[in-house]
K.L.:
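So that we are looking at the same thing, I have put the structure below in structure tokens.
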Number of protein chains: 2
Amino acid sequence: MHAREEAILATVNRLLAEKGFDAMTVDQVAYDVGIAKASLYKHFASKEDLAAAAMIRVLDLALAQLEVLKARPNAAPIDQLKAVARWTMEVQLAGAMPSLPAQNSALRAALVGNSIYVDRLMQVSEQLGAWITAGQAAGALKAALPPEVVLYTLFARACDPVLGLLKAGGNYSDAQIIEMLLSTCFDGLAAPALPAKRPPAGARARVTVVG
Amino acid sequence: MHAREEAILATVNRLLAEKGFDAMTVDQVAYDVGIAKASLYKHFASKEDLAAAAMIRVLDLALAQLEVLKARPNAAPIDQLKAVARWTMEVQLAGAMPSLPAQNSALRAALVGNSIYVDRLMQVSEQLGAWITAGQAAGALKAALPPEVVLYTLFARACDPVLGLLKAGGNYSDAQIIEMLLSTCFDGLAAPALPAKRPPAGARARVTVVG
DNA sequence: GTCTATACACAGATAGAC
DNA sequence: GTCTATCTGTGTATAGAC
């Protein structure tokens with residue numbers, strides 16, 4: 001049954017985001033979904049398969065989002081990348097973004113051996129890579145950074161623990177958190193170099209990001 | 001025996017960095033150290049205690065590094081922060097930086113209940129916080145970012161998975177990786193706004209970061 | 001396909017001799 | 001303090017009835 005599997009994957013997604021692969025138990029997945037553990041294994045052959053299917057589902061959602069963005073006629077490449085980063089942060093704040101598999105996790109081996117997962121990941125990477133090189137050619141992204149560095153950075157920001165820390169602190173709205181992290185990701189922590197010795201009076205107000 | 005405990009913590013540190021808390025087993029710690037598991041439990045009461053001691057050790061190393069940096073007479077606050085970030089990246093590339101505990105890990109509860117850990121973390125945070133606010137006052141760091149956002153970002157970059165991804169790719173030296181990630185952290189992915197319509201010819205060459 | 005019940009393996013922790 | 005051997009809980013996975 002397809003709807004059942006969708007419900008399972010949504011639960012897996014949430015638990016992966018909350019606790020990570022190793023700390024997530026199949027028992028809890030079954031309990032949260034409301035079915036018996038044995039029934040889970042009729043749908044997915046192993047815990048690794050379960051997690052891989054959830055990761056693939058996220059990548060499919062991302063690919064759908066990329067199609068939406070590609071339909072924007074006059075968007076600059078850097079704005080497409082910012083829109084993607086914004087979307088991944090929204091997903092993470094919604095508690096639906098599984099963390100990247102740790103360097104040496106049992107999950108990693110299963111994922112690299114999963115051709116569907118690898119294929120989806122390549123599709124996402126290729127679209128982002130196209131925007132990255134276009135953005136560099138347009139002078140909007142630092143041309144000195146290898147595109148793969150930009151790509152990895154965007155993937156990593158999708159799972160940035162800073163979002164969770166700020167949300168747990170409770171001092172900012174989701175929208176404020178996203179604006180601040182987009183700012184640090186694309187513009188950095190440092191203040192921009194002053195173009196003249198005496199900046200205009202409005203220069204400082206313009207960099208205010210939170211409402 | 002103090003030297004023995006130091007050897008244990010170094011091993012725990014490495015395994016925490018490689019696999020994370022959940023995937024690290026006490027059996028492997030004992031095997032790597034070369035002692036029996038029961039002997040480990042004579043030194044540390046639990047797996048959580050073991051990990052907490054390793055995290056405290058890293059914080060102590062960081063505090064020592066902060067003392068070194070504070071001895072520099074004419075360093076600007078932002079340069080102190082960059083030096084700290086550089087040090088944490090070097091530690092991570094050396095395989096000795098444990099990952100931040102996942103949002104809902106069993107480790108997190110143990111850490112927040114460990115007064116020594118909390119105390120050390122506060123000490124580090126206070127020194128970094130002083131440099132952050134000073135850097136903002138000096139106009140070197142974006143004043144629009146709340147200091148805690150800068151602080152969390154620096155902590156997160158100490159465990160940034162981008163370092164591991166780039167190192168695994170094998171295309172860059174450790175020094176190149178660090179320079180690039182320092183650049184993305186402090187200056188962002190975007191190219192700086194052009195101060196004039198026609199930048200000088202040397203402007204592009206100046207942003208080349210890797211050798 | 002869903003369930004209850006169970007097999008199997010392994011990890012955290014301890015007992016007790018030396 | 002270190003060891004071997006063991007207890008105990010828990011987590012993945014499966015058997016077999018319905």
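Computed from a prediction, not measured in an experiment: that's the story for all the values here. Below, each value reflects all heavy atoms present in this structure, side chains not excepted, and no hydrogens, waters or symmetry copies. So you know, we letter chains A, B, ... as the sequences are listed, proteins then strands, and number each from 1.
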K.L.:
Can you list everything that forms a side chain to side chain donor-acceptor pair (under 3.5 Å) with A:E18? Sequence neighbours excluded, please.
P.N.:
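Side chain to side chain donor-acceptor pair (under 3.5 Å) list for A:E18, sorted by chain: A:R14.
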K.L.:
Please report, rounded to the nearest Å, how far the P atom of D:dT4 is from the NZ atom of B:K42.
P.N.:
14 Å
K.L.:
Rounded to the nearest angstrom, tell me the gap between atom CG in A:L15 and atom P in D:dG11.
P.N.:
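After rounding, the reported distance stands at 13 Å.
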K.L.:
Using side-chain contact (heavy atoms from CB on, under 4.5 Å) as the criterion, list what pairs up with B:T133, not counting sequence neighbours.
P.N.:
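By the side-chain contact (heavy atoms from CB on, under 4.5 Å) rule, B:T133 matches B:P147.
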K.L.:
Identify all side-chain donor-acceptor contacts of residues 151-159 of chain B below 3.5 Å with residues at least two apart in sequence or on another chain.
P.N.:
| from | atom 1 | to | atom 2 | distance (Å) |
| --- | --- | --- | --- | --- |
| B:T153 | OG1 | B:V149 | O | 2.7 |
| B:R157 | NH2 | A:D160 | OD2 | 2.7 |

K.L.:
Can you list everything that forms a side chain to side chain donor-acceptor pair (under 3.5 Å) with A:K42? Sequence neighbours excluded, please.
P.N.:
none
K.L.:
Please report, rounded to the nearest Å, how far the P atom of D:dT14 is from the CG atom of A:D27.
P.N.:
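Rounding to the nearest Å, CG of A:D27 and P of D:dT14 are 14 Å apart.
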K.L.:
Write out all pairs satisfying salt bridge (charged side-chain N to carboxylate O under 4.0 Å, His left out) with one or both partners inside residues 73-94 of chain A, taking only residues at least two apart or from two chains.
P.N.:
A:R86-A:E179
K.L.:
Taking only residues two or more places apart in sequence, or in another chain, which ones meet B:Q80 in a side chain to side chain donor-acceptor pair (under 3.5 Å)?
P.N.:
B:R72
K.L.:
Sequence neighbours left out, what passes side chain to side chain donor-acceptor pair (under 3.5 Å) with A:E67? Give chain and number order.
P.N.:
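For A:E67 the side chain to side chain donor-acceptor pair (under 3.5 Å) partners, ignoring immediate neighbours, are A:K70.
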K.L.:
Angle between the end axes of the helix from C:dG1-D:dC18 to C:dC18-D:dG1, five pairs per end, to the nearest 10 degrees?
P.N.:
10°
K.L.:
Where along residues 30-41 of chain B does a heavy atom fall under 4.0 Å from DNA chain C?
P.N.:
B:K37, B:A38, B:Y41
K.L.:
Anything under 3.5 Å between a donor and an acceptor, one on a side chain of residues 47-62 of chain B, the other on a protein residue two or more places apart or in another chain? List them.
P.N.:
| from | atom 1 | to | atom 2 | distance (Å) |
| --- | --- | --- | --- | --- |
| B:K47 | NZ | B:F21 | O | 2.9 |
| B:K47 | NZ | B:M24 | O | 2.7 |
| B:R57 | NE | B:E6 | OE2 | 2.8 |
| B:R57 | NH2 | B:E6 | OE2 | 3.4 |
| B:D60 | OD1 | B:R120 | NE | 2.6 |

K.L.:
In chain order, what residues pass the salt bridge (Lys or Arg N to Asp or Glu O under 4.0 Å) check against A:K19, with sequence neighbours excluded?
P.N.:
none
K.L.:
Roughly, in whole Å, what's the span from CD in A:E48 to C1' in D:dT12?
P.N.:
9 Å
K.L.:
Assess the residue pair B:N171 and B:L166 against the criterion (side chain to side chain contact (heavy atoms under 4.5 Å, CB included)); give the C-alpha distance rounded to whole Å, side-chain angles, the decisive distance to 0.1 Å, and a yes or no.
P.N.:
CA-CA 7 Å; B:N171 292 324; B:L166 289 175; over 6 Å; no
K.L.:
Across the strands shown, which category fits B:K47 at heavy-atom distances under 4.0 angstrom: base, sugar-phosphate, nothing?
P.N.:
sugar-phosphate
K.L.:
Does anything in residues 16-25 of chain A come within less than 4.0 Å of DNA chain D? Heavy atoms only, and list the residues if so.
P.N.:
A:M24, A:T25
K.L.:
Does the side chain of B:P192 reach to within under 4.5 Å of the side chain of B:D187, using non-hydrogen atoms?
P.N.:
no
K.L.:
Mind calculating the distance between CZ (B:F44) and P (C:dG12) to the nearest angstrom?
P.N.:
15 Å
